[in-house]
Each structure stands twice: as C-alpha cells, then as structure tokens.
Amino acid sequence: IHYSHKHKDKYKDKEHKHKDHKKDKEREKSKHGSRYWMGMKSLDGKVKKEKENGFASPPHMKIEPEEDFYHSPKLAKSLKRERDDDNDLDFKPKKIKTENDKKAKKRKQEDEFLFLFLWEEERYTDGVKWKFLEHKGPVFAPPYEPLPSNVKFYYDGKPMKLSPEAEEVATFFSKMLDHEYTTKDIFRKNFFKDWRKEMTSEEKAKITDLKKCNFTEMSEYFKGLSEARKAMTKEQKLKIKEENERLLQEYGFCIMDNHRERIANFRIEPPGLFRGRGDHPKMGMLKRRIRPQDIIINCSKNSKHPEPPPGTKWKEVRHDNKVTWLVSWTENIQGSIKYIMLNPSSRIKGEKDWQKYETARRLKKCVDRIRAQYREDWKSKEMRVRQRAVAIYFIDKLALRAGNEKEEGETADTVGCCSLRVEHIKLYPENEGQEYVVEFDFLGKDSIRYYNKVPVEKRVFKNLQLFMENKEPDDDLFDRLNTSVLNKHLQELMDGLSAKVFRTYNASITLQQQLKELTNEDENIPAKILAPPKTFEKSMQNLQAKIDAKRDQLANAKRDLKAAKADAKGLRDDKSKKTVETKRKAVQRIEEQLMKLEVQATDREENKQIALGTSKLNYLDPRISVAWCKKWGIPIEKIYNKTQREKFAWAIDMAEKDFEF
DNA sequence: TGAAAGACTTGGAATAATTTTC
DNA sequence: GAAAATTATTCCAAGTCTTTCA
C-alpha cells in the first residue's frame with residue numbers, strides 16, 4: 001500500500017530526534033486509545049468513507065493485546081521496534097475474534113486502516129497534544145448596561161447617582177443581597193474595599209460606611225428583570241434560544257486535528273464578586289472584567305487565528321502544541337491562570353480519561369505488593385518512612401486526598417492526608433467495643449467536613465501516637481512528609497502511580513464487586529441500578545417530610561371521621577351519614593398515599609446501595625457499567641444521560657460484556 | 001531543592017430545562 | 001395548566017500533580 005512510506009519516514013524521524021524515553025507512556029497510550037477516536041466525526045470525510053466500510057461503526061472485531069491493554073513502556077517500545085524493522089504494513093493485531101471467514105478480507109482492510117490511524121496517532125510523542133488547532137477565540141462578557149434613571153442607590157437615606165464604574169460594582173452586591181454571603185463580615189469588608197477602588201474621589205469621600213448603603217431598589221430591579229424573563233412569550237424565548245445556538249455554533253467548537261470538537265467553556269467569566277467556599281479570606285473581592293489585552297490565544301501556526309474585537313489587541317498569540325488549552329488569562333483574585341479547554345466528549349479529554357482508568361487497572365495488579373510494602377514500612381527505623389507508610393494506608397483505606405499544602409491567608413483552611421494536623425485526629429485505644437479507633441474530624445476539599453471513626457491496625461495506632469508526641473494541636477501530623485515526597489515514592493512503586501489513583505482504583509473495583517454481588521440472574525435487575533441523584537440526601541429528606549405531612553393529614557382525617565361519626569349517631573340524618581362516608585373515603589385515600597410514599601422511601605434507600613451518584617463521572621471506570629449493561633441487556637440510557645454518554649463514548653464503544661476492570 | 005507557575009481534574013452551587021403533581 | 005419537584009447543564013472554585021525557575 002502506497003501511503004505507507006511517508007508515514008514510516010515521519011515516524012523514524014521522530015524516533016531519532018527524541019532519544020529520551022520518558023514519554024513512552026504517552027505513546028503506549030495512543031496505541032490502543034485511538035481505536036475509538038479515529039472513527040469519530042471527521043472533517044475531511046476520510047473517516048466517514050471508511051465508516052461506510054464498516055470500520056468506524058461499533059467494532060465487531062476486537063483487538064486483544066496481552067496484559068489487558070497495558071504494555072510496560074519497555075514492551076511497548078520493543079513492539080514498536082519490531083514493527084518498524086519489519087517495515088510492517090500488514091501489521092495485525094494479535095488476536096481477532098472471527099465470526100466467519102466471509103468477513104475476514106474486509107477485516108483485513110480494516111486492520112490496515114486501523115494501523116494507519118494508530119500510526120497517525122503515534123506522532124504524539126514527547127507531550128505533543130495536537131498538530132492543528134483553529135478556533136474563534138472566546139466570547140466576552142456583555143458590556144455593562146447602566147441602570148435606568150428611576151432605579152436609585154441611596155446613601156444614608158438620600159438618593160445618590162453613582163459613576164458607571166462604581167455603579168456596576170454596586171450592582172454585583174445588590175444581586176447577592178438575598179445571599180448569606182452579604183451578611184458575612186469578611187465578604188462585606190473585602191467588597192467595600194474593592195468597591196471603593198472603583199469610586200471617583202467624590203464618591204470615595206462620601207461613601208465611607210457600607211451599613212449606610214441601600215441597594216434594595218437595585219435588587220428589586222434585577223428581581224423584576226428575572227421575573228420578566230420567566231414571563232416572556234414562547235416566541236421571545238425561542239429567539240433567545242436561537243441566538244444562543246448561533247453563538248454556540250460559531251464559538252463553541254474548534255478544529256483539532258481533523259475533528260470538530262466541542263469547547264467546554266468558550267465564554268469568558270463575567271466580572272462579579274468572588275464567592276469562595278467555606279471561610280475564604282478573599283470572599284467578596286471584585287473579580288475584574290477580562291479584556292482582550294488580558295487574553296492569550298493558543299492555536300497552530302498554520303491556522304487562521306481569531307481576531308480580537310475591533311480596536312483591541314490580544315495579549316499574545318502563541319502556538320504551543322504541548323498543551324491542550326485554546327485561551328488563557330490570569331485571574332485577579334488568586335493570580336492563577338484560567339483556561340478555555342475542550343469538552344469531555346473530545347478526543348483529547350477522552351483519551352486522558354481512558355488513560356486514567358488504565359493506570360488504575362495497573363494498580364490493581366500490584367496493589368497487593370504495595371500494601372505489603374507499606375505495612376512493612378510501618379516498622380521502619382526511619383520516621384519519614386513510617387509517616388509515609390501510614391499516610392498511604394489512609395489514602396488507600398479511607399480514600400483521603402493527597403493534601404497539598406496551601407498558602408496561609410490565601411484560601412480557606414482545609415486539609416488532606418499529608419496536611420493533616422494533630423488537632424484533626426483523636427486516638428481511642430478503645431471505643432465502643434472496638435480497639436485502636438481513630439477519629440477524624442477536619443475540613444476537606446470545598447470545606448466539606450470529613451468525620452469518621454475507624455478502627456485501625458495496632459501498628460498504625462502506635463505510629464500515630466508516636467507522630468503526635470510532643471506536638472501542639474496545630475502542628476503537622478506528618479511533619480516529615482508532603483505530597484511531592486509521597487508521590488515521588490508512589491511513582492517508584494509503579495509507573496504513573498500517584499495518590500489520586502487510589503481513589504479511582506478503589507471506587508472502580510468496589511463498583512465492579514458490588515455489581516457482581518448484587519446482580520443475580522433471575523431478579524428483575526433494572527430498577528436497582530438507577531443512579532440516585534446527586535441530591536440524594538436532600539430528596540430523601542423531602543420525601544420524609546412528605547411522609548410526615550401525610551401522617552398528620554391522616555391523623556386529622558381520622559379525627560374528622562370520628563367527629564362525623566359521633567354527629568351522625570346523634571342526628572341520624574342522611575346528610576351526616578353522607579359526611580361520614582366522604583370522611584371515610586378521605587381517610588382511605590390518604591392511607592393509600594402514605595403507603596405509596598413509604599414504598600418510595602424504601603426503594604430509594606435500597607437504591608443507595610449501588611449508588612453511582614457523584615463519583616460516576618470521575619472515579620468509576622465507565623467500562624464497568626457499560627459491560628454490565630451489555631451483559632444484562634440494560635439500555636445504556638438507564639445509566640448515563642446524554643452528556644455522560646458523550647463523555648464516555650469511548651467506553652461505550654470499547655467495552656464488551658466481559659470487560660473486567 | 002524548594003517554591004512558584006502552569007496545566008489539568010474534580011466537584012459543589014447556581015441556573016436552566018424537563019417532568020411530575022395537584 | 002400552573003406550581004413544584006427533579007434532572008441536566010453551566011459555571012467556576014478548589015483540588016492534584018507536573019514543570020519551571022531561582
């Protein structure tokens with residue numbers, strides 16, 4: 001086949017240029033990952049044509065490289081060499097499931113296409129993420145529209161016309177008036193300080209006390225606007241929808257290496273007041289408006305780069321194909337960089353996701369060894385080794401996050417494993433009949449409280465006592481450890497291993513086990529798996545409230561019935577008899593409703609068992625669920641909604657019913 | 001070597017769209 | 001057919017981890 005050489009040469013070229021083998025991982029990744037993505041919506045119609053060949057449709061052949069898709073870098077390398085040496089264009093996957101011979105010839109063609117594409121994908125070595133990238137740039141926040149003159153701001157009871165700059169910031173506050181934030185001291189203090197920066201000197205002189213500011217008219221005005229928006233006619237709503245769709249079509253997609261890909265966040269974040277989570281020292285600060293001169297554009301040299309709005313300039317246009325972002329800017333609250341990147345359905349995100357689960361599957365193979373190792377290390381002579389070993393145990397057993405250190409005063413005070421302080425744990429040699437109990441109580445990511453009482457192994461317990469000796473409550477529990485030391489160690493234990501891999505691994509392996517356990521042949525499976533909503537607890541509470549209300553209602557109805565009966569007994573007329581009947585019916589009806597609610601409640605509670613809830617999107621290998629669906633004939637739509645199906649398209653395509661995590 | 005910068009994933013809250021209930 | 005409840009989507013803060021820099 002003629003087109004082979006060109007590619008071959010390209011490949012060889014690369015090989016010579018890059019002698020370092022650090023990135024073998026990347027190569028190995030694309031080897032099998034491309035299977036799905038290469039068949040995806042393509043721009044030049046090339047793949048589409050192949051699709052007519054039956055190639056890009058769900059595969060009826062299956063490639064089964066040894067070792068569950070994973071090659072150690074070394075192996076990957078040698079496989080590659082082999083091919084290279086053979087000048088191998090009729091490279092065949094090791095095993096092909098053949099259904100019949102008729103299709104064999106066709107399949108061979110497919111293999112050649114497959115090979116070609118694998119070839120193509122293999123170019124991405126040394127961190128290169130794409131070859132071609134073109135997009136339309138970001139959509140900026142709409143400019144500020146001054147308030148109508150009848151909407152006034154009052155200072156100290158008197159109306160006061162603000163300059164547009166000061167007024168805009170005031171509107172940010174007024175829009176949050178109903179929010180708890182605006183009652184918090186830090187929020188108010190930060191807001192007022194930043195607001196004053198936007199004021200004219202006259203305004204600054206006059207407005208000196210936030211308590212004297214009255215934003216209610218402004219607040220009412222915005223409430224009115226949102227009411228009006230809700231009350232719009234069908235046509236008006238449709239018009240807005242169409243406009244949004246137009247914007248999406250124009251700015252919401254980019255072209256990356258022959259694919260038209262959806263962009264995740266093509267709109268620049270509008271200005272507003274920073275809302276931190278928990279006790280964030282910066283809450284209330286002004287998030288300033290992003291202008292074209294703040295924006296760095298990233299695209300390929302040979303693309304048509306986006307034009308800045310008339311009369312403006314980009315900060316920079318660069319061509320860095322070692323990164324995946326299209327647009328970036330520096331945010332003014334923390335000074336961190338924000339990015340515009342692709343949607344989870346894109347090749348670049350999907351491949352990465354897939355890779356993540358492959359890493360977790362590799363952990364499965366050596367987790368026993370690693371566990372044995374850290375248990376051994378609990379006995380180490382070296383303090384840092386012991387601390388490391390106990391930390392890994394927590395990460396593995398309790399799914400704690402790594403816990404990077406954070407700059408004090410810049411963010412809320414939250415911790416993870418490595419940043420735990422003495423004050424965050426309590427030790428109980430005995431507690432409620434269990435030995436060696438550790439009580440965790442700390443604020444984790446997003447200032448969400450982690451509270452847990454767990455019995456641990458004696459050695460762990462003794463070590464913790466040791467770590468806490470002679471320390472103040474606010475001292476680090478693991479004073480000889482940080483995340484970079486920890487991850488360096490993990491990396492040595494397994495290529496690609498870091499703390500968060502344990503979360504992925506443990507979540508996925510547990511899901512698989514649970515599915516196996518809880519699904520039995522003769523049962524009518526389906527309802528079980530239906531994922532409880534993220535708001536599970538809340539909806540459970542709602543339901544409970546309903547049940548309680550219904551009970552009250554029932555009690556009332558019964559009382560009424562009794563009263564009516566008594567009446568009827570006394571009066572003995574038709575009318576009161578009738579009332580008794582209706583009351584009786586009412587009681588009956590309410591009883592039925594109550595029953596229904598109670599059934600609902602137990603159903604929901606039981607469903608929790610295989611809760612696919614929140615972790616579904618980030619920690620559970622989608623192939624497990626996909627395989628389960630295929631095995632039990634459950635439509636995938638029951639598990640994943642549209643967005644999720646797009647994100648996991650690779651898994652839906654890739655996983656067979658016998659997939660094992 | 002350690003801090004800072006950079007890139008990318010994770011996850012809650014707000015908001016929009018859709019479905020259910022009354 | 002409106003209101004309420006539920007579910008989907010968007011938004012963006014807060015993490016993790018890698019790379020760069022001094």
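Every chain is numbered from 1 and lettered A, B, ... according to where its sequence line falls, protein lines coming before strand lines. This one's a predicted model, so the numbers in the text were calculated from it and none came from an experiment. The basis for the numbers below is simple: all heavy atoms, side chains too, and nothing from hydrogens, waters or symmetry mates.
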Using a cut-off of strictly less than 4.0 Å, decide whether H179(A) has a side-chain nitrogen or oxygen near OP1 or OP2 of dA13(B).
no
Send over the distance from E227(A) CD to dA2(C) C1', rounded to a whole Å.
14 Å
Just to be sure I understand the rule, does N487(A) reach a base, reach only the sugar-phosphate, or reach nothing, if contact means heavy atoms closer than 4.0 Å?
sugar-phosphate
Within the structure, does a side-chain N or O atom of K287(A) lie under 4.0 Å from either OP1 or OP2 of dA13(C)?
yes
Does the side chain of K445(A) get closer than 4.0 angstrom to OP1 or OP2 of dG12(B) through an N or O atom?
no
Testing V327(A), I255(A), L342(A) one by one against H135(A) for a side chain to side chain contact (heavy atoms under 4.5 Å, CB included), which residue passes?
V327(A)
Under 6.0 Å from the CG atom of D475(A), do we count more than 12 heavy atoms belonging to anything else shown?
yes
L443(A) atom CG is separated from dG11(B) atom C1', nearest whole Å, by 16 Å
Send over the distance from Q355(A) CD to dC17(C) P, rounded to a whole Å.
14 Å
Take the angle between the ring planes of F440(A) and Y450(A) and call it parallel below 30°, perpendicular above 60°, tilted in between.
perpendicular
Check: Y144(A) and R289(A) side chains under 4.5 Å, non-hydrogen atoms:
yes
Using a cut-off of strictly less than 4.0 Å, decide whether K129(A) has a side-chain nitrogen or oxygen near OP1 or OP2 of dC8(B).
yes
Hey, does the side chain of N641(A) come within less than 4.0 Å of dA8(C)'s phosphate (OP1/OP2), counting only N and O?
yes
Decide whether E245(A) and Q249(A) meet the rule of one side-chain donor and one side-chain acceptor closer than 3.5 Å.
yes
Would you mind telling me which residue lines up with the more 5' stretch of DNA chain B, I448(A) or R229(A), judged by nearest nucleotide?
I448(A)
Upstream residue (5' side of DNA chain C) when T414(A) and K642(A) are each assigned their closest nucleotide
K642(A)
Donor-acceptor pairs under 3.5 angstrom involving side-chain atoms of residues 267-275 of chain A: please list them, not counting sequence neighbours.
residue : atom : partner : partner atom : Å
E269(A) : OE1  : K287(A) : NZ           : 2.9
E269(A) : OE1  : K338(A) : NZ           : 3.2
E269(A) : OE2  : K338(A) : NZ           : 3.3

So A499(A), base contact, sugar-phosphate only, or nothing? Heavy-atom distance under 4.0 Å.
sugar-phosphate
Between dC8(B) and K349(A), is there an OP1 or OP2 to side-chain N/O distance shorter than 4.0 Å?
no
Phosphate oxygens OP1/OP2 of dT16(C): is one of them under 4.0 Å from a side-chain N or O of S498(A)?
no
When you measure from every atom of DNA chain B, which of residues 324-340 of chain A have a heavy atom less than 4.0 Å away?
T324(A), W325(A), I337(A), Y339(A)
Base, sugar-phosphate, or nothing for G403(A), non-hydrogen atoms under 4.0 angstrom?
sugar-phosphate
Side-chain contact test, heavy atoms from C-beta onward, threshold under 4.5 Å: evaluate it for S303(A) versus L133(A) and give yes or no.
no
Below 3.5 Å is the cut-off: list the nitrogen or oxygen pairs between protein and nucleotides 20-22 of chain C, distance only.
none

Taking salt bridge (charged side-chain N to carboxylate O under 4.0 Å, His left out) as the definition, give me every residue that meets it alongside D320(A), ordered by chain and number, with sequence neighbours left out.
none
State whether a side-chain donor-acceptor pair under 3.5 Å links D495(A) with Q491(A).
yes
Assuming nearest nucleotide by heavy-atom distance, tell me which of Y181(A) and R318(A) is located more 5' along DNA chain B.
R318(A)
We want to know whether Y505(A) and D396(A) form a side-chain donor-acceptor pair, criterion being a heavy-atom distance below 3.5 angstrom.
no
Run the side-chain donor-acceptor check on residues 408-416 of chain A: report pairs under 3.5 Å with partners two or more places apart or on a different chain.
residue : atom : partner : partner atom : Å
E410(A) : OE1  : K282(A) : NZ           : 2.9
D413(A) : OD1  : R421(A) : NH1          : 3.2
D413(A) : OD2  : R421(A) : NH2          : 2.8
T414(A) : OG1  : K406(A) : NZ           : 2.6

Of the listed nucleotides dC8(B), dT10(B), dA13(C), the one nearest the side chain of V323(A)
dC8(B)
Answer with yes or no whether the side chains of Q387(A) and D479(A) bring together a donor and an acceptor at under 3.5 Å.
yes
Can you find a side chain N or O atom of R503(A) that sits less than 4.0 Å from OP1 or OP2 on dG15(C)?
no
Contacting residues from residues 270-277 of chain A, given that a heavy atom lies under 4.0 angstrom of DNA chain C
P270(A), F274(A), R275(A), G276(A), R277(A)
Respond yes when some side-chain nitrogen or oxygen of N265(A) is under 4.0 Å from OP1 or OP2 of dC11(C), and no when none is.
no
Main-chain N/O of Q334(A) paired to E331(A) side chain as donor or acceptor, under 3.5 Å
yes
Does K406(A) make a side-chain N or O approach to OP1 or OP2 of dG15(C) shorter than 4.0 Å?
yes
